[in-house]
Amino acid sequence: MSAFELLSPKIKKAIWDLKWPALRPIQEVAIPLILETTDHLVLSAATASGKTEAAFLPILSAIEQSGQDYLRVLYIAPLKALINDQFERIERLCEYVDVPVHKWHGDVSGNDKKKFINTPAGILQITPESLESLFINRSTFLQSLWKQVSYIVIDEIHVFLATERGAQLRSLLFRVQEYVANPTRIIGLSATVNDPDGYIANWLSPEGPDQVKVIQSDDGDKEIFYALHHYPNEEQGKLPLELYRDIRDLTKEYSSMIFANDRGLVEETAVLLNRLAEHEGAPRDYLAHHSSIDKSEREYVEEILKTANRPKSVVCTATLELGIDIGSMDMVIQIDSTFSVASLKQRIGRTGRRDGMSQILQIYTTKASHLLHAVAVTELFLEKWVEPPQAYAKPYDVLFHQILSICCERNGLYLDDLMDSILRNPVFQVIPRGHIVDLVDHMIKKEYLELVPGAQEFIVGLEGERILRSREFYSVFSVQEEYEVFHLNRRIGAVDKTPAVEVGNNLILAGKLWSIESVDSNKDKIYVVPAVDAKRPVFLGSGGAIHRMISEKMQEVLCSNHLYSYLNDAAAQELKGIREVYARLGVMANQRVIIIGKNETLIELFAGTVISNTLMWMLRVMGVEQVTTNGLGHIKIVGRQDGILKLLESITKREWNSQELLSVTFPQEIYRTKFSFYLNEEQQKELHVSAMVDVERTVEFLSDKQFIVFTC
DNA sequence: GACCTGCTGCGGTATG
């Protein structure tokens, strides 16, 4: 029987009415798997390939009889905007089978939430944080709410995998399943992934990853037009005007997304491009979009992009990399390299979505190191490599959070029951039992938990209540402290708390120029008035990790003499320049260069962030005091280290324990999360070590590579 | 050398 024939008559009618010419490839595969097997599924395909419908066509076929009476499907997404987009798409299908669909997130009215709680049925679309809130604030309803849930659909599942947010979600799924009468099936939807170790299957179904089917649908290769232009410029932060003129010329006739890696740079770029357009007597068609611009302004920008009748461009950060629907764009421009291959892939995927359209990417670099990074990321992308998913290794911080949540949900419980619900939760099985006991003891000592005298039951303690009752409890990731920016009564956005925020200073926000008129530090608000000139605001952000593969590829690019066809003359020239020393020394890809200068020693390690950091701390233990790394994996030592080779060799020969590495780690280098602060010192250290240190791979790396010393 | 994500329930007042 064909996939279409397996669907219910009402769903078939929906497909006819909606005039879909045929089922998409991923739908053809998913429909029989959902209707005729009991496996968990991962549907992995490019954006706009019909993944959501691949899950919901068969699910609605299966639940159309009972969906009016019970909640049958939980749909979880990482963004409110994604839920809003999907709500309309799903609702259209649901009308044919009379299955209700509800959304629940921070912007949904209390009234709608009440309505759902009174008559839960059909499909619930929700964020992980709102799911958390149900366990905290609606605990008396959980029994009847979850009982008949059969399907859990997780959209953009790849964004949850390696983060504390994913650990929280995994814990919540287990807690939902505890209430469910019959086994649930989990269906993850994902952008195409590279998962050689089967990590996603293991995340979905830790007891039996073999019960997970992963469907990768390749929608065929689109032609990509790709170019990299280099505008050498060593001046900190400022981009050359010629670069902006080039962007302006390119974007006159085309809708484009112009990605920058920094919110401040987005603002500056939008203002400059509009000035250039204005000088030509053209309209100011460049919009700005990033997380610190107020939501209403961002939604307005999204609407303009979707409905514009002439080419419009948006200068943006990763906010527009995710699934928000702004229609298909003609071209993507990237200023400096993306940090990851995954990010480059997502961004390219935003163009050429209409049938028969090609994908166009133009990248600009201004520094040699960024050029090298851009070439490495591009080459890996062309080889179809992306960063593989990873575990959030030691979720002590999420465990702390979930213990508070469980105690609140259960209105107090015995130690055995608490231990049982933690030990059976798959996400906490990497934490030894003794450490869970230590954490509970610590939580009692600090009054996060309280043992009710006589009853032997644990309840949330007074300090715990303080954390739990805060609006901020529901999310496990942390955010920068900021000032909200107002013009009269209108909120324009926010800026990070920096010394530059001071009365009289000017800033750019939402593509407009402002002068700070007053600062209310009690309410964390600043008031601004329009200005004629301004500098971009300074946002504080700390760098994330670069995957080892990218660094290795950079070394490979340096050692090769290949001429990449997508480089312009300036880029080719610059690359030739930085390859010169390597060529002169005859360096190979499995070798690494150490440059010993008069006042400093530089190890060009190219090993990714984790190994670079680990080696930096190892060197400190060996008595090298003034040593730092940059984001690219270069290690810099102040002073001449003539014995560096011997030092590296002895590092590979000795035993290492994390205690000694921790003893030389500066406080600002420690890995912290929102809830790690509440752990005891020992567990804070474990969390740090699991995220930042890898002794085994570092020693292996040092043993594998041959080091070439160049003394000048 | 960084980007992004999320958020209760109640009681008040204004609006259609």
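Residue numbers start from 1 in every chain, and the chains themselves are labelled A, B, ... in the order their sequence lines are given, proteins ahead of strands. If you're wondering where the values come from, they're calculated on a predicted model, not measured in any experiment.
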Asker: Under 30°, 30 to 60°, or over 60°: which ring-plane class applies to Trp146(A) and Phe135(A), parallel, tilted or perpendicular?
Answerer: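 Taking Phe135(A) first and then Trp146(A), their aromatic rings sit tilted (interplane angle of 30° to 60°).
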Asker: In whole angstrom, give the distance that lies between atom CG of Asp496(A) and atom P of dC3(B).
Answerer: 8 Å
Asker: Which whole-number value in Å describes the distance from His289(A) NE2 to dT5(B) P?
Answerer: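 For the pair His289(A) NE2 and dT5(B) P, the rounded distance is 8 Å.
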Asker: Which residues pass the side chain to side chain donor-acceptor pair (under 3.5 Å) test with Asp496(A), not counting sequence neighbours?
Answerer: none
Asker: What integer distance in Å separates Asp155(A):CG from dT5(B):C1'?
Answerer: 14 Å
Asker: Assess whether a salt bridge exists between Lys295(A) and Asp107(A), defined as any Lys/Arg side-chain N lying under 4.0 Å from an Asp/Glu carboxylate O.
Answerer: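 Yes, charged N to carboxylate O under 4.0 Å.
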Asker: Residues two or more places apart in sequence or in another chain: which of them pass side chain to side chain donor-acceptor pair (under 3.5 Å) with Tyr286(A)?
Answerer: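 Partners of Tyr286(A) by the side chain to side chain donor-acceptor pair (under 3.5 Å) criterion, ordered by chain and then number, come out as Arg248(A), Thr251(A).
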Asker: Can Phe477(A) be said to stack with the base of dT5(B), given centres closer than 5.5 angstrom and planes under 30 degrees apart?
Answerer: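 Whether judged by distance or by angle, Phe477(A) passes, so it stacks on the base of dT5(B).
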Asker: Mind listing the side-chain donor-acceptor pairs of residues 112-119 of chain A below 3.5 Å, one per line with the distance, residues two or more places apart or on another chain?
Answerer:
{"unit_1": "Asn118(A)", "atom_1": "ND2", "unit_2": "Lys114(A)", "atom_2": "O", "d": "3.3"}
{"unit_1": "Thr119(A)", "atom_1": "OG1", "unit_2": "Lys115(A)", "atom_2": "O", "d": "3.2"}

Asker: To the nearest angstrom, how far is Arg536(A) atom CZ from dA2(B) atom P?
Answerer: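 The distance from CZ of Arg536(A) to P of dA2(B) comes to 10 Å, rounded to the nearest Å.
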Asker: From CD of Glu156(A) over to P of dC4(B), roughly how many Å is that when rounded to an integer?
Answerer: 17 Å
Asker: Rounded to whole Å, how long is the line connecting atom CD of Gln480(A) with atom P of dC3(B)?
Answerer: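 Between P of dC3(B) and CD of Gln480(A): 10 Å.
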Asker: Using a 4.0 Å heavy-atom cut-off across all strands, classify Val479(A) as base, sugar-phosphate, or nothing.
Answerer: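 If one applies the 4.0 Å heavy-atom cut-off, Val479(A) turns out to touch a base.
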Asker: Between dC4(B) atom C1' and Arg347(A) atom CZ, what is the distance in whole Å?
Answerer: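 Atom-to-atom, Arg347(A) to dC4(B), this comes out as 10 Å.
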Asker: Check the distance between dA2(B)'s P and Ile335(A)'s CD1 and give it to me in whole angstrom.
Answerer: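 From Ile335(A) CD1 to dA2(B) P: 16 Å.
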Asker: Only counting residues at least two apart or in another chain, list the ones meeting ring pair (Phe, Tyr, Trp, His ring centres under 6.0 Å) with Phe400(A).
Answerer: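 Ring pair (Phe, Tyr, Trp, His ring centres under 6.0 Å) list for Phe400(A), sorted by chain: Tyr448(A), Tyr678(A).
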Asker: What string of B, S and - do you get for nucleotides 7-16 of chain B 5' to 3' if you count protein non-hydrogen atoms under 4.0 Å?
Answerer: BBS-------
Asker: Test of understanding: with ring pair (Phe, Tyr, Trp, His ring centres under 6.0 Å), list the residues that count as partners of His401(A), not counting sequence neighbours.
Answerer: Phe473(A), Phe675(A)
Asker: Given that Phe339(A) and His290(A) both sit by DNA chain B, which one's nearest nucleotide is further toward the 5' end?
Answerer: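 This one resolves to Phe339(A).
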Asker: Report the nucleotide, chosen from dG1(B), dC4(B), dG6(B), that has the shortest atom-to-atom distance to any side-chain atom of Ser291(A).
Answerer: dC4(B)
